Undergrad: 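Right, I'll just put the structure down here and ask away after.
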Amino acid sequence: MQYFPKISTCSIVLIGHFNPAIFHPSWLKARKIESENTQVDDFKNFSLKDQFTQFSIESRFYSVQADRFMIETSSAPWVKILDISTKIFSELLPHTPITAFGINRIDHFELPDFQSRNKLGRKLAPIAPWGKFGQEMETKELELTGGLLSLTMQKKSRSEGNYKETNVTIEPSKLIDSSRGVYMMVNTHKPLNNLPSGHGSDQGINMLASCFDKAIEEAELIINNIWNLGINQ
C-alpha cells in the first residue's frame, strides 16, 4: 500500500549565536528572501530585550532565539527551507557563528484501526521482557490497553572526522485519531566542533547543504519502513 501521511513537516534547526530582533517578515521581504506578496500570520516578538521572535509566512514557520534558529515548512519541496537558510546565512549574515545543525522530518500517519497500531507497538517494544508488568498491559478494554508511549532509536556515525547522529522517535500521534495515529520524527544532528575558531556560517551552511538531500531520503525510507510494518501484519 502506498504511503500517504496525514500531516508532514520538515525543519532546519541551527545552533549558534543569533540576533532575534533582526528576523522580521518585513526584513525577509525587503531582501527578497520571502516574496512581497506572501501573507504573514501571527507575528510575535517576545520581550526580554527581543530575545525571542516567531512568525508564520504561508506554510513556513520561523522561530529565533539567541542561541537557536528554526525554520519549518508543511509544504514540499522541502529544499525550499534549505534555500532560505542558505540565503540568510551565506549571503546576508555570513559572520553568524553556527556550532551545530539539525534536519528534522516529521510525519503523522494513520493505521486502519487500534489493533494495527497496537501490533506495531508490540513489534517495536515487546512486552514479554517486562514480566508481570508487561502481561498486565494486555486487556480486552481498549482504553485500558498499555504499551509503547515513546521510543527513540539512535545511530551514530563518523565520516572524515565529522560526527553525526540520526535519532528516530515513534509514539502515538496527538494530532490525528488517538487510537490509530502514529507520530514519527527523524532527526539528523551534526555538531560542528571541528570548524576553526572565529568561523562564520559559510562552512556550517555548506555542510548542511551537502547532507540535506541524503538526510531527507534516509528519513523517508525509515518512516516508510515503519508504515509498511504497521500495514503488513
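The analysis underlying the following values was restricted to heavy atoms, covering all of them including side chains, and did not include hydrogens, waters or symmetry mates. None of the values given here were measured: they were computed from a predicted structure.
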Undergrad: Would E218 and K155 count as a salt bridge (charged side-chain N to carboxylate O under 4.0 Å, His left out) here? Give the steps.
TA: CA-CA 12 Å; E218 180 183 30; K155 180 183 74 172; 2.6 Å; yes
Undergrad: Apply the test side-chain contact (heavy atoms from CB on, under 4.5 Å) to residues E72 and R60: give CA-CA distance (whole Å), side-chain angles for both, the deciding distance (0.1 Å), then the verdict.
TA: CA-CA 6 Å; E72 180 182 65; R60 292 171 293 284; over 6 Å; no
Undergrad: With a 4.5 Å cut-off on side-chain heavy-atom distances among I, L, V, M, F, W and Y, is there a chain of contacts connecting F61 to W27?
TA: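 They do not share one cluster, since no chain of ILVMFWY contacts under 4.5 Å joins F61 to W27.
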Undergrad: When you compare the side chain of V186 with that of N167, does any pair of heavy atoms fall below 4.5 Å?
TA: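 Not touching, per the 4.5 Å side-chain cut-off.
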Undergrad: Distance check, rounded to the nearest 0.5 Å: T145 atom OG1 versus R117 atom CZ?
TA: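 Between T145 OG1 and R117 CZ, I get 10.5 Å after rounding to 0.5 Å.
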Undergrad: Should M70 and I88 be regarded as members of a common hydrophobic cluster, given that ILVMFWY residues are connected when their side-chain heavy atoms come within less than 4.5 Å of each other, either directly or indirectly?
TA: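 Hydrophobic grouping puts M70 apart from I88.
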Undergrad: Which heavy atom of P20 sits nearest to which heavy atom of Q65, and what is that distance?
TA: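 Closest approach of P20 to Q65, heavy atoms only: CG-C, 3.6 Å.
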Undergrad: Side chains of T169 and L151: does their closest heavy-atom pair fall under 4.5 Å?
TA: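 Not touching, per the 4.5 Å side-chain cut-off.
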Undergrad: Do you reckon V79 sits in the same ILVMFWY cluster as I205, going by side-chain contacts under 4.5 Å, direct or chained?
TA: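 Yes, V79 connects to I205 through the hydrophobic network.
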Undergrad: Flag the pair T152 / V168 as yes when at least one side-chain heavy-atom distance between them is below 4.5 Å, and no otherwise.
TA: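 The answer is no; the side chains never approach within 4.5 Å.
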Undergrad: Do you know which two heavy atoms are closest between R180 and P112, and how far apart they sit?
TA: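 Taking R180 first and P112 second, the nearest heavy atoms are CD-O, 3.0 Å.
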Undergrad: Drop me the distance from I57's CD1 to I33's CD1, to the nearest 0.5 angstrom.
TA: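 If I round to the nearest 0.5 Å, the distance is 9.5 Å.
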Undergrad: Using side-chain heavy atoms (C-beta onward) and a distance below 4.5 Å, is L124 in contact with I226?
TA: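 SC-SC contact between L124 and I226 confirmed.
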Undergrad: Indicate yes or no: does K132 engage E136 in a salt bridge with an N to O separation below 4.0 Å.
TA: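 Between E136 and K132 there is a salt bridge, with a charged N closer than 4.0 Å to a carboxylate O.
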Undergrad: Could you state the interatomic distance from NE2 (H24) to CG (L28), rounded to the nearest 0.5 Å?
TA: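 Taking NE2 in H24 and CG in L28, the distance rounds to 9.5 Å.
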Undergrad: In the single-linkage hydrophobic clustering (I, L, V, M, F, W, Y; side-chain heavy atoms under 4.5 Å), do M137 and L148 co-cluster?
TA: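 No; L148 is not reachable from M137 via cluster members.
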Undergrad: Let me know which of F69, F23, F18 forms a side-chain contact (heavy atoms from CB on, under 4.5 Å) with L93.
TA: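 Among F69, F23, F18, the one that satisfies the side-chain contact (heavy atoms from CB on, under 4.5 Å) with L93 is F23.
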Undergrad: Determine whether more than 12 heavy atoms belonging to other residues, nucleotides or ligands lie under 6.0 Å from atom NZ of K164.
TA: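 Yes, enclosed.
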Undergrad: For residues 5-17, which side-chain donor-acceptor pairs fall under 3.5 Å, sequence neighbours excluded?
TA:
unit_1, atom_1, unit_2, atom_2, d
K6, NZ, E110, OE1, 3.4
S8, OG, R105, NH1, 3.1
S8, OG, R105, NH2, 3.4
S8, OG, D107, OD1, 2.5
S11, OG, N104, ND2, 3.1

Undergrad: Can you find a pair of side-chain heavy atoms, one from I103 and one from L208, that are under 4.5 Å apart?
TA: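 In contact.
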Undergrad: Provide the closest heavy-atom pair for I176 versus V182 in the form atom of the first, atom of the second, distance.
TA: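 Heavy atoms only, the tightest pair is CD1-N, 4.5 Å.
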Undergrad: I need the L229 CG to N224 CG distance, nearest 0.5 Å.
TA: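 Those atoms lie 11.5 Å apart.
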Undergrad: Write down the atom of S116, the atom of G230, and the distance for their closest heavy-atom approach.
TA: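 Closest pair (atom of S116, atom of G230, distance): CB-O, 4.2 Å.
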Undergrad: Mind running side-chain contact (heavy atoms from CB on, under 4.5 Å) on N187 and T166 for me, showing each step along the way?
TA: CA-CA 6 Å; N187 159 255; T166 303; over 6 Å; no
Undergrad: For side-chain contact (heavy atoms from CB on, under 4.5 Å), just list the numbers for Q54 and V64, CA-CA rounded to whole Å, side-chain angles, deciding distance to a tenth of an Å, and then say yes or no.
TA: CA-CA 6 Å; Q54 68 179 34; V64 188; over 6 Å; no
Undergrad: Under the 3.5 angstrom rule, does the side chain of R31 hit a backbone N or O of L92 as a donor-acceptor pair?
TA: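 No, because the side chain of R31 does not come within donor-acceptor range (under 3.5 Å) of the backbone of L92.
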Undergrad: Are side-chain heavy atoms of Y163 and P191 found at a separation under 4.5 Å?
TA: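 Yes, their side chains come closer than 4.5 Å.
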Undergrad: Locate the shortest heavy-atom distance separating G147 from R122; write the atom from each residue and the value.
TA: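 So the two residues come closest at CA-NH1, 3.5 Å.
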Undergrad: NZ of K123: more than 12 outside heavy atoms within 6.0 angstrom?
TA: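 Yes, enclosed.
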Undergrad: Check whether more than 12 heavy atoms from other residues, nucleotides or ligands sit under 6.0 Å from atom CD of E217, and answer yes or no.
TA: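 Atom CD in E217 is not crowded, with 12 or fewer foreign heavy atoms closer than 6.0 Å.
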Undergrad: Connecting only ILVMFWY residues whose side-chain heavy atoms lie within less than 4.5 Å of each other, what is the rest of Y183's hydrophobic cluster?
TA: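 Hydrophobic cluster check, Y183: joined to I106, M185.
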Undergrad: Can you tell me how far OG1 of T99 sits from CG of D67, rounded to the nearest 0.5 angstrom?
TA: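 Result: 8.5 Å between the selected atoms.
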Undergrad: Check the pair K87 / F89 against side-chain contact (heavy atoms from CB on, under 4.5 Å), numbers first and verdict last.
TA: CA-CA 6 Å; K87 288 179 181 178; F89 294 104; over 6 Å; no
Undergrad: Taking all atoms of both residues into account, what is the closest heavy-atom pair of I222 and M184, and its distance?
TA: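 The pair with the smallest heavy-atom distance is CG2-CE, 4.2 Å.
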Undergrad: How many angstroms lie between CD in E220 and CG in N225, if you round to the nearest 0.5 Å?
TA: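 Atom-to-atom, E220:CD and N225:CG are 12.0 Å apart.
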Undergrad: Hey, any chance L221 and I223 share a hydrophobic cluster, counting ILVMFWY side chains that come within less than 4.5 Å of each other, even indirectly?
TA: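 Result: no, two separate clusters.
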